Visitor: 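There's a structure below that I have some questions on.
Given the structure is predicted, the values throughout are model-derived calculations rather than measurements.
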Amino acid sequence: LLRKHADLINLKSDFTILDTDDQLRLLKQVVSYLDLDPKLYVPKNFLYMIDQVKNLGLFPEDITNHEYENQTKGKFGQIYKAYQKRLSNFNSVDFGDLITLPIKLLRANNEILNIYQKKFKYILVDEYQDTNGAQYILLRLLTGDRKNICCVGDEDQSIYGWRGAQLKNILNFERDFSDSNIVRLEQNYRSTGNILEAASSLISENQERIGKKLWTTDSSGELVKILNLENDEFEALFIASETKNLIKNGIKLSNIAILTRASFQFKDIEDRFLKEGIKYKVVGGLRV
């Protein structure tokens, strides 16, 4: 879309997309050009702030009363504006622009907006709970009066607020698209009854949710065991000890699995298993 209509947003169709390192380099130039002390006006911090306001779909002219503008006594707006001008001069965009510039383009050109509203008759959005403000604005522009939109999401699985995701997008879905039909997928095929009950009980304390009742035809299964371990090292010790006990009780190593949220959690467990002489295989990660 941007390459096709680049001339309308002061770009050439062969514009480049800057990565984070190039963005930071550009911001350092901006801070220097504005004769600001980089120790007081840290380019890396301003890069984060610019990314955040772009996630909200805000342009330099929209941030007059924004908290960043108040915190920096007006310097944020000055830097943001100079940064965007420099991007344009270099025929470049950053990742945030890939959403915000189409918004600017479609808002300013009704004829082009109508073309794309007719072109995209139906819109499907996955992981709707993780959409940010800019993506929301773009969706509303493209759906127009038809509102032929199908969104799949779960407000209880929203974890990307730090990336600019707005939970209110999914919470307000029925209000924004009042003629929509809501289908709740409440049957669970993965977990036993006790796991579902524990998870549902915990998440029910969250006040910002649409609400649902998960159920399964599986058995109740074993009770959920909750452990509070002091640190990663103690956790690894416990896992190694439990693994050894299972082996003693005739459980094969191939029937034991350790699930982690992120790959960095492997290291302490691997170190402990190596010390204990427990054979293991890492699936979906790199051996440290």
Visitor: Let me check something: any side-chain donor-acceptor pairs from residues 137-145 under 3.5 Å, sequence neighbours excluded? List them with distances.
Guide:
unit_1	atom_1	unit_2	atom_2	d
Arg140	NH1	Tyr136	OH	2.7
Thr143	OG1	Leu139	O	2.9
Thr143	OG1	Arg140	O	3.3

Visitor: Under the ring pair (Phe, Tyr, Trp, His ring centres under 6.0 Å) test, which residues partner Phe46, sequence neighbours left out?
Guide: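 If we apply the ring pair (Phe, Tyr, Trp, His ring centres under 6.0 Å) test to Phe46, skipping adjacent residues, there are no hits.
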Visitor: Can you run down the ring pair (Phe, Tyr, Trp, His ring centres under 6.0 Å) pairs that involve residues 81-103, sequence neighbours left out, and say none if there aren't any?
Guide: none
Visitor: Give the other cluster members for Val152, using side-chain heavy-atom distances under 4.5 Å between Ile, Leu, Val, Met, Phe, Trp and Tyr residues; answer none if it is isolated.
Guide: Leu124
Visitor: What heavy-atom pair brings Gln129 and Ala165 nearest, and what distance separates the two atoms?
Guide: O-CB, 4.2 Å
Visitor: What is the minimum heavy-atom distance between Phe273 and Ala240, and which atoms define it?
Guide: CE1-CA, 3.7 Å
Visitor: Quick one: side-chain hydrogen bond (donor to acceptor under 3.5 Å, both in side chains) pairs with a partner in residues 237-246, sequence neighbours left out?
Guide: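 Found Lys244-Glu276.
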Visitor: Is there any side-chain hydrogen bond (donor to acceptor under 3.5 Å, both in side chains) pair reaching into residues 150-168, and which pairs are they, with sequence neighbours excluded?
Guide: Asp154-Gln157, Asp154-Lys212, Asp156-Arg209, Asp156-Lys212
Visitor: Determine which pairs satisfy side-chain hydrogen bond (donor to acceptor under 3.5 Å, both in side chains) with at least one residue from residues 52-68, sequence neighbours left out, and list them in order.
Guide: Lys54-Gln84, Lys54-Asp94, Lys54-Asp97, Asn55-Asn132, Glu67-Gln71
Visitor: Output the rest of the hydrophobic cluster of Leu196: all Ile, Leu, Val, Met, Phe, Trp and Tyr residues reachable through side-chain heavy-atom contacts under 4.5 Å, sorted by chain and number.
Guide: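 Leu214, which link up through side-chain heavy atoms under 4.5 Å apart, make up the rest of the cluster.
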Visitor: Does Lys147, at its NZ atom, have more than 12 non-hydrogen atoms belonging to other residues, nucleotides or ligands within less than 6.0 Å?
Guide: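 Yes, because the 6.0 Å sphere around NZ of Lys147 holds more than 12 heavy atoms from other groups.
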Visitor: Not counting sequence neighbours, list each pair that qualifies as a side-chain hydrogen bond (donor to acceptor under 3.5 Å, both in side chains) and has a residue in residues 214-240.
Guide: none
Visitor: Starting from Tyr189, walk the hydrophobic network (Ile, Leu, Val, Met, Phe, Trp, Tyr; side-chain heavy atoms closer than 4.5 Å) and list everyone else you reach, by chain and number.
Guide: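 Same cluster as Tyr189: nobody, lone residue.
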Visitor: Output the distance between atom CG (Leu18) and atom CG (Leu27), rounded to the nearest 0.5 Å.
Guide: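 Atom-to-atom, Leu18:CG and Leu27:CG are 10.5 Å apart.
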Visitor: Please list, one pair per line, the donor and acceptor atoms closer than 3.5 Å that link side chains of residues 3-11 to other protein atoms, with sequence neighbours excluded.
Guide:
unit_1	atom_1	unit_2	atom_2	d
Arg3	NH1	Ser13	O	2.8
Arg3	NH1	Phe15	O	2.9
Arg3	NH2	Phe15	O	3.2
His5	NE2	Tyr116	OH	2.9

Visitor: Say you draw a straight line from CG of Leu106 to NZ of Lys104; how long is it, rounded to the nearest 0.5 Å?
Guide: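 Between atom CG of Leu106 and atom NZ of Lys104 there are 12.5 Å.
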Visitor: Check whether more than 12 heavy atoms from other residues, nucleotides or ligands sit under 6.0 Å from atom CD of Glu208, and answer yes or no.
Guide: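 Open.
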Visitor: Tell me every residue that passes side chain to side chain contact (heavy atoms under 4.5 Å, CB included) with Lys44, counting only those two or more places apart in sequence or in another chain.
Guide: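 Side chain to side chain contact (heavy atoms under 4.5 Å, CB included) list for Lys44, sorted by chain: Leu24, Val42.
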